[in-house]
Amino acid sequence: MELRDLSDHVEYRAGRGIEEVARELGRDPSDFVKLSSNENPHGPSPKAAVAIREAATEVHRYPKAVHADLTAALAEQWGVTDEQVWLANGGDGALDYLARATLDPDDEVLVPTPGFTYYGMSARFHHGRVSEYAVEEGGDGFEMTPEAVLDAYDGERVVYLTSPHNPTGARFTLDEVETVADETDEDTLVVVDEAYGEFADAPSAVSLLDERDDVAVLRTFSKAYGLAGTRLGYAVVPGSWGDAYARVQTPFAASVVACEAGLAALGDDEHVAKTTESVEWGREYIHDELDARTYESHGNFVLANVGDAASVTEAAKRDGVLIRDCTSFGLPEHVRVTVGTRAETDRAVDTLNEVLGE
Ligand SMILES: *Cc1c(COP(=O)(O)O)cnc(C)c1O
């Protein structure tokens, strides 16, 4: 048999883990710090770690009650109904559900470039087509503006806004999100990806759902909550969508372990506060101390122009610091450095400054 034509599909290449790199270089994993995947350097919420251990004896059951409990807790947090919270296997899973619920074959979506690869992948899986709007470097850094989105907009079914944006760290204000939603067709959904929302000192676009049925918001437990490995995320969708979730979800997409961890993490304000405080410190530190052009960031990472991203990333790796070469984002001069613990961030900055000085 033949597969469908996958030639337009791109492979998702995740940042390589410490174990993998250490093995390749014949070194000890403890020699490395990993600041390449925007993970939480403080680990998971300790309360979530306990909940995961306790969930171990329940994993022979399908997740039913706990899925409902987490949905209800999130609905309460955001002031929406349970039907508006679409739990999924990571934020990526929630993107799939949104694509399933919106795209007919050959519908187009509009994605940022540079940007998060999975928007386009998910659309293609669902037989959609992908066009792009530019997030371009101007005098003040990378500019995300409604004008850039609307100039490129040509009636696409879904428009993705990443705010804060990966990998530049830029963001849209709520007014700007609203402008895009106002100026696009009634039948265009604006997906606001707030995977880094906890790190931005700005209100969530969820508040727009009180009045609108053309905006959906993506959130995840992978970043601020430190639960990337459990794969837990969700979309908050308009109230008028009714029971659509039941029609598009993969049965039991969020596991018992993930849901228990998520519930516990939601109740762990201390861990989130520690995480966001250290991110605020680290962003400033990298801006101040790194000998390269950096950009204002509202996420848990900082983009830097280092001239030759591939060789700087490689040299830093040999010195034990894993960062993200942004060549695959279409930014061959830029690297993205996740804010680590103080010690990790210090080491990354020292190492990069040495590499850049050579
Ligand atoms: C990390 C990330 C996500 C979601 O990741 P999951 O681990 O699937 O929840 C979504 N969008 C952007 C831009 C991200 O960086």
Side-chain angles (χ1 to χ4, degrees), residues 10 12-15 17 34-41 44-45 48 70 74 85-99 109-123 125 130 132-133 135 142 144 158-172 177 190-200 204-205 216-236 249-250 253-255 257-259 261-262 265-266 275 279 297-303 323-324 326 328-331 334-339:
V10 287
Y12 185 82
R13 291 181 200 268
K34 183 173 179 230
L35 301 176
S36 52
S37 298
N38 296 344
E39 292 154 343
N40 191 324
S45 147
L70 177 58
L74 289 167
V85 176
W86 290 15
L87 286 184
N89 186 48
D92 298 344
L95 289 170
D96 281 341
Y97 294 163
L98 293 172
V109 305
L110 187 62
V111 307
T113 180
F116 190 57
T117 331
Y118 198 69
Y119 305 140
M121 293 175 67
S122 176
F125 296 155
V130 182
E132 298 176 341
Y133 67 89
V135 177
F142 283 87
M144 286 208 305
V158 182
V159 174
Y160 296 88
L161 306 180
T162 321
S163 185
H165 178 260
N166 177 10
T168 66
R171 66 159 169 182
F172 288 103
V177 172
V190 176
V191 174
V192 187
D193 180 346
E194 296 182 353
Y196 301 97
E198 290 83 359
F199 306 113
S204 166
V217 179
L218 189 83
R219 306 283 300 205
T220 179
F221 284 87
S222 293
K223 312 278 162 57
Y225 293 97
L227 295 177
T230 61
R231 313 303 304 125
L232 182 65
Y234 59 99
V236 186
Q249 76 145 326
T250 308
S255 73
V257 174
C259 290
L266 270 189
T275 301
V279 164
S297 172
H298 300 276
N300 64 345
F301 53 85
V302 175
L303 187 75
I323 56 171
R324 179 69 190 255
C326 290
S328 65
F329 281 105
L331 299 175
H334 295 76
V335 297
R336 190 192 65 197
V337 184
T338 305
V339 175

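Just so you know, ligand 1 is whichever comes first in the structure, and atom 1 is the first atom listed for that ligand. Excluded from the calculations below are hydrogen atoms, water molecules and symmetry mates; all remaining heavy atoms, backbone and side chain alike, are included.
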List, pair by pair, the atoms of ligand 1 and of the protein that are both N or O and lie under 3.5 Å apart, giving the separation rounded to 0.1 Å.
unit_1   : atom_1 : unit_2 : atom_2 : d
ligand 1 : 7 (O)  : S222   : OG     : 2.6
ligand 1 : 7 (O)  : R231   : NH1    : 2.7
ligand 1 : 7 (O)  : R231   : NH2    : 3.4
ligand 1 : 8 (O)  : G91    : N      : 3.1
ligand 1 : 8 (O)  : D92    : N      : 3.0
ligand 1 : 8 (O)  : D92    : OD1    : 3.1
ligand 1 : 8 (O)  : D92    : OD2    : 3.1
ligand 1 : 8 (O)  : R231   : NH2    : 2.7
ligand 1 : 9 (O)  : G91    : N      : 2.6
ligand 1 : 9 (O)  : T220   : OG1    : 2.5
ligand 1 : 9 (O)  : S222   : OG     : 3.2
ligand 1 : 11 (N) : D193   : OD1    : 3.4
ligand 1 : 11 (N) : D193   : OD2    : 2.5
ligand 1 : 15 (O) : N166   : ND2    : 3.0
ligand 1 : 15 (O) : Y196   : OH     : 2.7
ligand 1 : 15 (O) : K223   : NZ     : 3.1

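Y97 places a side-chain N or O within donor-acceptor distance of the main-chain N or O of T250, the cut-off being under 3.5 Å. The backbone N or O of Y160 sits less than 3.5 Å from a side-chain atom of Y133, completing a donor-acceptor pair.
In this structure S37 satisfies the side-chain hydrogen bond (donor to acceptor under 3.5 Å, both in side chains) test together with K34, sequence neighbours excluded.
Distance check: N38 CG to T220 OG1 gives 11.5 Å after rounding to the nearest 0.5 Å.
Taking the six-membered ring wherever Trp is involved, the centroid distance between the rings of F301 and F199 does not fall below 6.0 Å.
Residues L74 and L87 have side chains in contact (heavy-atom distance under 4.5 Å, counting atoms from C-beta outward).
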